[in-house]
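Here the structure comes first, spelled out in structure tokens, and everything after it is commentary.
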Amino acid sequence: MFSRILVANRGEIALRIIRACKELGVEVVAVYSEADRHAPYLKLADYAICIGPGPASKSYLDISRILSAAEVADVDAIHPGYGFLAENPHFAEVCQSCNIKFIGPAPEATRQAGDKLKAKDLARRLRIPTVPGSDDAVPDEKQALDVARRIGYPVIIKAAGGGGGRGMRIAHNDVSLVNNFLAAQAEAGAAFKNASVYLEKYVEKPRHVEIQILADEQGNLVHLGERDCTIQRRFQKLIEESPSPIMTAGLRKEMGNAALAFAKGAKYSNAGTCEFLVDERGKFYFIEMNSRIQVEHPVTEMVTGVDLVKEQIRIAAGERLRLRQGDISLNGVAIECRINAEDPNNGFKPCPGKITSFVAPGGPGVRIDTHVHAGYVVPSFYDSMIAKLIVHRRTRDEALVAMKRALSEFTVEGVRTTIPLHLAILDHTQYIRGQVDTGFIDTYFSK
Amino acid sequence: MFSRILVANRGEIALRIIRACKELGVEVVAVYSEADRHAPYLKLADYAICIGPGPASKSYLDISRILSAAEVADVDAIHPGYGFLAENPHFAEVCQSCNIKFIGPAPEATRQAGDKLKAKDLARRLRIPTVPGSDDAVPDEKQALDVARRIGYPVIIKAAGGGGGRGMRIAHNDVSLVNNFLAAQAEAGAAFKNASVYLEKYVEKPRHVEIQILADEQGNLVHLGERDCTIQRRFQKLIEESPSPIMTAGLRKEMGNAALAFAKGAKYSNAGTCEFLVDERGKFYFIEMNSRIQVEHPVTEMVTGVDLVKEQIRIAAGERLRLRQGDISLNGVAIECRINAEDPNNGFKPCPGKITSFVAPGGPGVRIDTHVHAGYVVPSFYDSMIAKLIVHRRTRDEALVAMKRALSEFTVEGVRTTIPLHLAILDHTQYIRGQVDTGFIDTYFSK
Amino acid sequence: MDLNEIRKLIELMDANKLVEFEYEEEGRKIRLRRWEDRHAVAPSAGAASAPAAPVPVLSPPVAGGATADVPPPTRSADLVDFKSPLVGTFYRAPKPDAEPFVNVGDEVSAEKVLCIIEAMKVMNEIKAEMNGVVREILVKNGQAVEYGEPLFLIEKR
Amino acid sequence: MDLNEIRKLIELMDANKLVEFEYEEEGRKIRLRRWEDRHAVAPSAGAASAPAAPVPVLSPPVAGGATADVPPPTRSADLVDFKSPLVGTFYRAPKPDAEPFVNVGDEVSAEKVLCIIEAMKVMNEIKAEMNGVVREILVKNGQAVEYGEPLFLIEKR
């Protein structure tokens, strides 16, 4: 096991990793920007080092500052958390070259998993279902029509250089395809300096379902079932649950095996997540693999009883997985709500500022992961998540009422939060019935 | 199911019951004394009624004030929590006569379970092992010697009118028995106006282990395994865990069956706990049955996944137990630390006052039951417990480190707490090894 | 006038034990003064300070009449709230059709019964325990009242 | 006059024990005063204000020299902390046996190198970027320093 780990992150995930290190008996070094100088979790680390000013580009995203801190603190490993440098293979390489273990997959695996086209190509070779499409850039509208006729309408036109939902257009027939194709090319050229666009079958009313895997460096792999992350607002997850309300034992096995096959094919180790779309008929399509711990990992921890962050550290330290696939079962239902300091009545604008009152819920079946407290000032530099509220109950119905009561006792004053939005979602019949798709929020909660 | 329940209690257990009601979709009425006027959980109840001034005798212990509030609020049931009126059979009778369901056992069962001599007598008739003794008052030293020779030394001499450890003397041989017997009689006469004393075998280095049971009003019973509450300071529990470190499957079955037999014999319904002493060789002795929900119930909830307070309400509403004995298994290890506003450096004197900062721990495997927050004023009228910190992990070793890290991130300012004492206990080799008896705290932590 | 700003100012005053606040800028002026506590009570009394946790004070089944805990600003120092010593149901008269024990303007003496509070089927006669004049009756006949709830406004003599 | 607004103000006053409220803006003026209760409670002794989160600032492997983030009270306004722009290891000289770049009492100009911060095996020369005199050297040679840590006390010219 490592003797000292540096946490190259901030906020709740920094605290989460500090907790894991403490439970493993490993010393932990926190780094912080000037904007996080008063963050309470810094007191829990064995050492805390200021690495730069507030803007992430000069602190949490600055590889040389982080590695310099790691050298000064003489750590033997770095945990990157999520976001910032977590999926930057160059960072992993620099760690390697400094003889510091990067807690995550090898850089090559991250490259393989993280590049959408490469990942899709590998998945196809492994006979894992992917969304049918052009596979490569489509040069002109004639070839676009050929592809569309082959895969069938509706199709989605995506910019190769785009991301996060930008520059996507949907076509339902030949006429709209030609129009949208040309417009998309022009737009992509202007926005991303790269006019390449490609076509994919548009999966209608899909759910977003992902499979958590753990793989050690000796080639042993397990999957830990799924998380359903269908409740999203502009590609940002709001609520996650495990198991998925649409899951069957058979589908879980199929998707789990697909995820394991992909991870094996990508020579993947450590914790990772394969993302899939699942259509209305239960057909699933591999999208990509996230090579990091995810924000929503606690729901998997609750239903499996496995501490994913501790497992990440053990794996990076060279330990063999102590879990076999047969050891893993999903008990009960866990749901997570991301509480953001945002104003739901004002276009979900981030709402930094001082939290004057903070009373978190508790009691049976409630887990809370938060780095804030009364008096904490939410900095304006970083993302707006201030807490993750997780409930774990025997059934989905019980989990839903437990989440409602927990949200309703959650008091945050001084900044506006997404708590009222979560309460509204939990009251929505479609959500209660588990009958949602990724367009749910836009359909019912956009004003 | 009931439509409206009154919670005849305060503090964390009032909040616990309010949470259960909310999750069951039952309206809930809180009552409060003037000293609790600003208690934050009152806001979570559907209604809150002030019933009297601060002293419990004029509010939470005043049957007529509570029932008057119940009538004014038109409730159909009352949950008594623990302490106050929870084990007062007269209160249960008055509820009955007002056509309000008392959430707990029938008054006759409480009388049978709560009276130590009656309970012991019933246990003997049911062939449940009890601590051997004189069964009745011993009039003179000659008969005392007869009893002592029959049950074997060491013996303990107890005042029939005493309680809470007062007036007890231990004798290891005939000489010390005669001396102590006469002294005990004189002392008892002076202190309790009742010179009657009785003899019991002195169980050396015992552990305190209790079995949680649930019984419905149709005569179905299950037990939910044990809680080990050996870590006590002057008969006050400090740390509880489940399973007990000394438990074996065979012993659990034996003790579980003994508890079920007693509950059946006492015509007991609702949640209850049979308390036992377990000696160094694993022999157990029934002591008494507590006819209420207990402070330490969360550890059982964590390892069994059963919500005991919701079950209490369902049972009182006439529902049949949905659990069979075979459904119940203990998963992992749960430990609870009671965080009291007391000064461990000043004889554990209660430390009421304003909590200026309160940052509770969180993260994986941590549950917190508390009614306080930053700015809360701990009143001087009631007991000093401000929070229960519960951890649940796969193994006892993991639970111990998780508890340590949770305690070490727990920040309470403005009042002194027992957190440092808990941390010291968790560092003690005997405790870590699970090799303790009820004298542990007095032996190692009394100054 | 921004009520939110004022609310924040009050929070600030409360958190920092300010009793007075005055601010003037470009023709805009604000002045706040808080109630100054003068009479000492054991500091441990829970009711002492605490964040303004709004206390729900409601007897649910009965539509609560104006609880009137804001006394009129002009009220003299001799006007006192006569508070309920019990939880229960308030009755102004001994029987449904009988005359009320007291009306506004009545003089009362220490032994004078003001009302009945029914608690657990017991009719408790509540005496004035002071000499004075009834100036206001703050709850309605048949209304549920909680402990400490003001029932009458009495001008002491 | 907006009665609703006034009602809200009164509620606010009541909930927060305000006894006086005055507000003036653009010729509009409002003043409210409540009855002052005298049977009151003493303010609790608890310290006001927010919890101060102490920041652990430590470079672990090196026994940290006085970080001196509290400047002496007598210090003149021209004395400035020269802070580290990087995390790394502080060196006073270009080579182990070489003369230090600066000593206490030295005059420095904007382009004058004060020290080296080694970060990721790179030796970064740190320039004074001001004219002045070195009054104190706050860290030891070879010591780990964090971003923003004061390295020198310089009297500006």
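Since we're looking at a predicted model, the values are computed, not measured.
Salt-bridge check for A/K404 with B/E23: failed, with every basic side-chain N at 4.0 Å or more from each acidic carboxylate O. Taking a cutoff of 4.0 Å between a charged side-chain nitrogen and a carboxylate oxygen, A/K22 and B/E409 do not qualify as a salt bridge. A salt bridge between A/R394 and B/D307 is absent, with no side-chain N of the basic residue lying under 4.0 Å from a carboxylate O of the acidic one.
Within a 6.0 Å radius of CZ in B/R416, no more than 12 heavy atoms belonging to other residues, nucleotides or ligands are found.
Of the atoms belonging to B/V309, not a single heavy atom falls under 4.5 Å from chain A. Using a 4.5 Å cut-off between heavy atoms, B/P364 touches chain A through backbone and side chain atoms alike. Only the side chain of A/V359 comes within contact range of chain B, judged by heavy atoms closer than 4.5 Å.
To the nearest 0.5 Å, atom CZ of residue B/R19 and atom OG of residue A/S408 are 10.0 Å apart. The CZ atom of A/R367 lies 13.5 Å from the NE2 atom of B/H392; values are rounded to the nearest 0.5 Å. Residue A/I368 holds its CD1 atom at 11.5 Å from CD1 of B/I368, rounded to the nearest 0.5 Å. Here the straight-line distance linking atom NE2 of B/H373 with atom OG1 of A/T411 works out to 8.0 Å at 0.5 Å rounding.
Comparing B/M302, B/K388, B/K310 by heavy-atom pairs within less than 4.5 Å of chain A, the highest count is held by B/K310. Top candidate by heavy-atom pairs under 4.5 Å with chain B, chosen from A/A402, A/P361, A/P298, is A/A402.
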